Participant: 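Have a look at the structure that comes next, please.
For the single chain, residues carry numbers from 1 onward in sequence order. If you're wondering where the values come from, they're calculated on a predicted model, not measured in any experiment.
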Amino acid sequence: RSTLFPYTTLFRSPYSGMGHALTGLINVPVGDTFAIRATGFYRSDDGFIDSIGNNPIPTLQNPAVNIVNGSRVEDELNGLETYGGRLSALYRPSESFSLHLMALFQDIRSDNADRYEVDPDTNEPLYGDLVASRYHPEFTDIDYRVYSATIDWDFGPTTLQSVTSYATFEETFQRDAALTPLGGAPVSQLATFLFSTPGTTDRLLSGILNQITSTDKFTQEFRLVSPESDAFEWLLGAYYTDEDSGIDPQTVTAVDPGTENPAAGIPALLEARLPSTYEELSLFANATWHVTDRFDLAFGGRWSENDQQASQVLTGALLGGATITFDDVNSSENPFTYSVSPRFELTDTTSMYARVATGFRPGGPNVLPPGAPPGTPASYDSDELTSYEVGLKSSTADGSFSFDLAAYYLDWEDVQLLAVVNSVGLNTNGGTAVSKGLEFTASARVTEGLSFSLDRKSTRLNSSHPYRS
């Protein structure tokens with residue numbers, strides 16, 4: 001039968017006024033083999049940061065003349081709305097086959113960032129309250145969309161699992177650039193200086209920055225899974241992803257002070273486009289060998305190949321109307337990772353284990369400006385992590401008390417860093433880092449509805465990050 005569970009919540013944050021939220025769920029079986037479920041939510045948060053009309057911006061030519069006499073006067077700048085939903089459908093004509101379809105969306109609408117001005121010495125609010133000097137609106141709109149289809153087909157000797165997905169992300173935002181440094185001066189002062197008649201302040205200008213960041217991502221994964229076994233279980237798989245991302249465009253625009261109206265007759269001060277692509281193919285395998293009733297050995301490996309490409313184009317009035325095209329850059333890698341994990345049951349309620357595993361983050365290309373000096377890295381490598389862990393898990397027979405104890409050692413190589421090389425900001429690889437520590441967790445269930453837990457962690461980090469070209 002169908003079910004519907006809507007409910008609302010009112011809440012008050014430490015700084016803002018009243019907010020509210022609404023969530024709901026509906027589940028609709030359609031016969032014995034098909035069902036649909038839909039969920040949705042909405043949340044609204046009042047703002048708690050004000051702009052109070054302070055901090056005038058003088059011109060460079062004549063400090064007695066202000067571009068704007070103060071920031072905007074507005075209460076609760078940073079209101080926030082978040083809403084979304086998920087629609088899923090399950091088709092199961094038999095015990096051996098199922099198809100699960102899912103569509104998800106989430107939108108975030110932020111009127112302003114949750115940043116306010118503080119005293120640099122005390123970190124206390126600078127004006128006795130939460131204030132941001134805002135000359136232009138700073139909104140952020142984020143849209144997520146995810147669509148997936150999952151097939152699970154047990155045809156006897158093995159089970160085939162297929163997961164196909166397509167996802168999009170788009171962030172559109174505007175930033176107040178009135179006081180953003182550009183070419184050694186805030187945008188508002190620089191634009192007023194450049195576009196006024198020499199020796200005058202006859203063209204008062206401010207600035208805003210608009211940007212669209214997006215990603216379109218397609219993935220496909222296949223897995224062959226063995227039947228459950230007391231002796232040996234295995235999994236074989238393949239994974240593919242194709243991603244198109246970019247900042248397209250980022251634009252700094254001269255506007256009339258106090259408005260979002262582009263200044264007449266003045267082209268974009270700066271415009272940048274930075275598209276990129278990422279493609280990866282992976283093959284992986286995992287297995288568990290039940291050596292005895294109390295001893296298991298799990299192990300696996302993953303090989304992958306990734307290819308990346310990026311480019312950049314700059315243009316704008318501050319470049320004299322010229323268009324600067326950066327050389328396209330490419331990178332590719334073939335990393336291999338593995339894991340080995342033995343586990344031994346000392347008793348029915350106590351076991352000890354060890355694990356060695358490796359992982360990586362992909363490297364990629366650096367978009368270099370034309371004429372970059374020789375030796376400036378055009379790409380950076382993946383960084384690699386090797387994790388060593390041993391532990392003990394135990395509980396009472398009825399599960400009323402349990403504890404976990406673990407010791408770990410992490411060896412991180414070719415750490416990815418942001419660096420400036422030959423006066424060019426880029427990604428590069430540094431040295432090594434080591435993290436080691438102990439973790440302890442204990443929990444006790446006093447009654448059916450009451451339990452206590454205790455966690456303790458001790459970690460030590462040693463690192464060395466010399467630049468490596």
Participant: Under the rule for salt bridge (charged side-chain N to carboxylate O under 4.0 Å, His left out), what residues qualify as partners of Arg175, not counting sequence neighbours?
Facilitator: none
Participant: Do you know which of Asp111, Asp50, Asp114, Asp46 makes side-chain hydrogen bond (donor to acceptor under 3.5 Å, both in side chains) with Asn78?
Facilitator: Asp114
Participant: Look up atom CZ in Phe284 and atom CH2 in Trp303, then write down how far apart they are to the nearest 0.5 Å.
Facilitator: 13.0 Å
Participant: Can you list every pair that meets side-chain hydrogen bond (donor to acceptor under 3.5 Å, both in side chains) and has a residue in residues 355-364, with sequence neighbours left out?
Facilitator: Arg361-Asp383
Participant: Determine whether Asp45 and Arg43 satisfy the following criterion, salt bridge (charged side-chain N to carboxylate O under 4.0 Å, His left out), listing intermediate values before the conclusion.
Facilitator: CA-CA 7 Å; Asp45 294 84; Arg43 172 169 172 149; 3.0 Å; yes
Participant: So with a 6.0 Å cut-off around CE of Met102, is the heavy-atom count from everything else above 12?
Facilitator: yes
Participant: Can you list everything that forms a salt bridge (charged side-chain N to carboxylate O under 4.0 Å, His left out) with Arg145? Sequence neighbours excluded, please.
Facilitator: Asp107
Participant: Say you draw a straight line from CZ of Phe299 to CG of Asn286; how long is it, rounded to the nearest 0.5 Å?
Facilitator: 9.5 Å
Participant: Between Thr253 and Thr251, do the side chains contain an N or O donor and an N or O acceptor separated by less than 3.5 Å?
Facilitator: no
Participant: For atom CZ of Arg37, decide whether the heavy atoms of other residues, nucleotides or ligands shown that lie under 6.0 angstrom number more than 12.
Facilitator: no
Participant: Among all residues two or more places apart in sequence or in another chain, which pass the ring-ring contact (aromatic ring centres under 6.0 Å, His included) test with Phe452?
Facilitator: none
Participant: Quick one: list whatever passes ring-ring contact (aromatic ring centres under 6.0 Å, His included) with Tyr42, sequence neighbours left out.
Facilitator: His20
Participant: Please report the interatomic distance CG(Asn366) to CD(Gln312), rounded to the nearest 0.5 Å.
Facilitator: 11.0 Å
Participant: If you count every heavy atom of other residues, nucleotides or ligands that lies below 6.0 Å from Trp289 atom CH2, does the total exceed 12?
Facilitator: no
Participant: What's the separation between atom CD in Gln308 and atom OG in Ser331, rounded to the nearest 0.5 Å?
Facilitator: 4.0 Å
Participant: Sequence neighbours excluded, which residues qualify as side-chain contact (heavy atoms from CB on, under 4.5 Å) partners of Ser229?
Facilitator: Ala231, Glu233
Participant: Quick one: list whatever passes salt bridge (charged side-chain N to carboxylate O under 4.0 Å, His left out) with Asp296, sequence neighbours left out.
Facilitator: Arg343
Participant: Check the side chains of Thr215 and Ser245 for a donor-acceptor pair under 3.5 angstrom, ignoring hydrogens and angles.
Facilitator: yes
Participant: So, Glu81 and Tyr83: side-chain donor and acceptor under 3.5 Å apart, yes or no?
Facilitator: no
Participant: Partners of Glu271 by salt bridge (charged side-chain N to carboxylate O under 4.0 Å, His left out), sequence neighbours excluded?
Facilitator: Arg273
Participant: Taking only residues two or more places apart in sequence, or in another chain, which ones meet Ser311 in a side-chain contact (heavy atoms from CB on, under 4.5 Å)?
Facilitator: Pro275, Asp328
Participant: What residues, two or more places apart in sequence or in another chain, satisfy ring-ring contact (aromatic ring centres under 6.0 Å, His included) together with Tyr388?
Facilitator: none
Participant: Suppose the criterion is side-chain hydrogen bond (donor to acceptor under 3.5 Å, both in side chains): which pairs have a residue in residues 399-409, not counting sequence neighbours?
Facilitator: Thr396-Ser400, Asp398-Ser400, Ser402-Ser443, Tyr408-Thr459
Participant: Measuring from Arg223:CZ to Ile151:CD1, what's the distance to the nearest 0.5 Å?
Facilitator: 12.0 Å
Participant: Tyr144: what forms a ring-ring contact (aromatic ring centres under 6.0 Å, His included) with it, not counting sequence neighbours?
Facilitator: Phe169
